[in-house]
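Quick caveat, the model's predicted, so the values are computed rather than measured.
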Amino acid sequence: MKKRLYLELENCIGCRSCLAACTQCGGHEERNRNYVYDVNPLVNRQTMPLMCLHCVNPACARSCPAQAIQIHETGAVLSALVEKCIGCQNCTIACPYGIPKFDTEQNLMYKCDLCIDRTKNGIPPMCASVCPSNTLQWLTDEEIGNRKQQFKLDNGKWVTSLPYLESETNVKVNLPGILQGIEKLF
């Protein structure tokens, strides 16, 4: 049964456990491949994780003239292959979410690869395995559907990666609390 990374953005408490866990994933060279964004730091403490959404038809891969960005059979969009990446940075410009980062020292693009060494074997990515607030979860499509049914929004604003900035994504995002205007108490 295929599982996906599922984000409930309003749950994020800004602890940055996902960042620490990301550095420990195999092949990441102790480098963060996801980020925690302070939404409006002068007004409140709202934070949200930012990571690759693993587009079904990714702009980063389409823009790469060296075909250095591969898509794994699980749907994970991988970081640039060292032996193929020519350092043109097209991928960093093409991504509508601004996720790929370029390492000038290594002349190489890197980004979240959904901990492919773990997820290809059905093990949750590091970020989801340590998140204390269930902002990042590793769920089946059925479990994601059940989550959607929990929120009875009559304003038509239920969002799970719709509308797409860049086609369909393999990571699903839940925004009902934000769309309802629910404020956090911390």
Side-chain angles (χ1 to χ4, degrees), residues 1-9 11-13 15-37 47-62 64 67-85 91-92 94-101 103 106 108-148 159-162 164-175:
M1 189 174 302
K2 184 176 180 179
K3 290 194 171 191
R4 302 175 187 271
L5 187 61
Y6 177 71
L7 310 179
E8 286 194 358
L9 296 179
N11 290 351
C12 184
I13 58 174
C15 68
R16 292 169 170 74
S17 295
C18 55
L19 300 184
C22 184
T23 63
Q24 301 304 309
C25 191
H28 286 192
E29 297 94 32
E30 297 185 12
R31 178 185 291 137
N32 284 331
R33 296 190 179 205
N34 55 18
Y35 315 92
V36 173
Y37 175 70
T47 55
M48 63 184 219
L50 293 175
M51 57 197 51
C52 181
L53 296 179
H54 299 277
C55 300
V56 172
N57 185 19
C60 61
R62 290 194 321 264
C64 180
Q67 298 180 338
I69 302 169
Q70 303 295 309
I71 302 168
H72 192 268
E73 62 190 30
T74 61
V77 180
L78 307 177
S79 286
L81 296 171
V82 175
E83 61 276 4
K84 286 190 171 185
C85 184
C91 54
T92 61
C95 177
Y97 305 107
I99 298 300
K101 301 299 176 222
D103 185 328
Q106 292 186 346
L108 183 69
M109 178 280 284
Y110 65 95
K111 60 171 225 35
C112 167
D113 60 7
L114 209 56
C115 294
I116 195 63
D117 57 325
R118 296 169 56 91
T119 56
K120 70 181 179 186
N121 297 317
I123 303 169
M126 292 293 285
C127 58
S129 66
V130 301
C131 182
S133 63
N134 282 332
T135 300
L136 306 168
Q137 301 172 49
W138 188 242
L139 303 175
T140 64
D141 286 336
E142 180 181 343
E143 291 169 322
I144 292 171
N146 292 340
R147 297 287 173 137
K148 180 178 177 179
V159 176
T160 56
S161 300
L162 286 169
Y164 310 120
L165 286 178
E166 174 61 34
S167 69
E168 186 178 357
T169 61
N170 284 307
V171 173
K172 300 301 176 188
V173 181
N174 166 6
L175 300 169

Between [atom1] on residue [X] and [atom2] on residue [Y], distance to nearest 0.5 Å:
X: Leu139; Y: Ile144; atom1: CG; atom2: CD1; value: 5.5 Å
X: Met48; Y: Leu9; atom1: CE; atom2: CG; value: 6.0 Å
X: Ser79; Y: Asp103; atom1: OG; atom2: CG; value: 11.0 Å
X: Gln137; Y: Leu5; atom1: CD; atom2: CG; value: 9.0 Å

Is any side-chain heavy atom of [Y] closer than 4.5 Å to one of [X]?
X: Cys112; Y: Ile99; value: no
X: Lys111; Y: Val77; value: yes
X: Cys22; Y: Met51; value: no
X: Cys64; Y: Lys84; value: no
X: Pro58; Y: Ile69; value: no
X: Tyr97; Y: Leu50; value: no
X: Ile13; Y: Thr47; value: no

Does NZ or CZ of Lys101 fall inside the cone over Tyr35's six-membered ring, less than 6.0 Å from its centre and within 45° of the axis?
yes
Grab the two heavy atoms, one from [X] and one from [Y], that are nearest each other, plus how far apart they are.
X: Trp138; Y: Thr119; value: CH2-CG2, 3.5 Å
X: Ser17; Y: Val130; value: O-CG2, 3.6 Å
X: Val56; Y: Ile71; value: O-CD1, 4.4 Å
X: Pro96; Y: Ala59; value: CD-CB, 4.3 Å

Sequence neighbours left out, what passes side chain to side chain contact (heavy atoms under 4.5 Å, CB included) with [X]? Give chain and number order.
X: Gln24; value: Met126
X: Thr135; value: Asn11, Cys12, Pro49, Cys131, Ser133
X: Glu142; value: Thr140, Asn146
X: Ala76; value: His54, His72, Thr74, Leu78, Leu114, Ile116

Under a 3.5 Å distance rule, please check whether Arg62 uses its side chain to pair with a backbone N or O of Asn57 as donor and acceptor.
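Indeed, once roles are kept as given, a pair shorter than 3.5 Å links the two residues.
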Check whether any side-chain N or O of Arg118 sits under 3.5 Å from a backbone N or O of Pro124 as a donor-acceptor pair, and report yes or no.
yes
Using the side chain to side chain donor-acceptor pair (under 3.5 Å) criterion, which residues pair with [X]? Sequence neighbours excluded.
X: Asp141; value: Arg4
X: Thr92; value: none
X: Asn134; value: none
X: Asp113; value: His28

Test side-chain contact (heavy atoms from CB on, under 4.5 Å) on Leu136 and Leu7; report intermediate values, then the result.
CA-CA 5 Å; Leu136 306 168; Leu7 310 179; 2.8 Å; yes
For Arg16, enumerate each residue passing the salt bridge (charged side-chain N to carboxylate O under 4.0 Å, His left out) test, keeping only those at least two apart in sequence or located in another chain.
Asp38
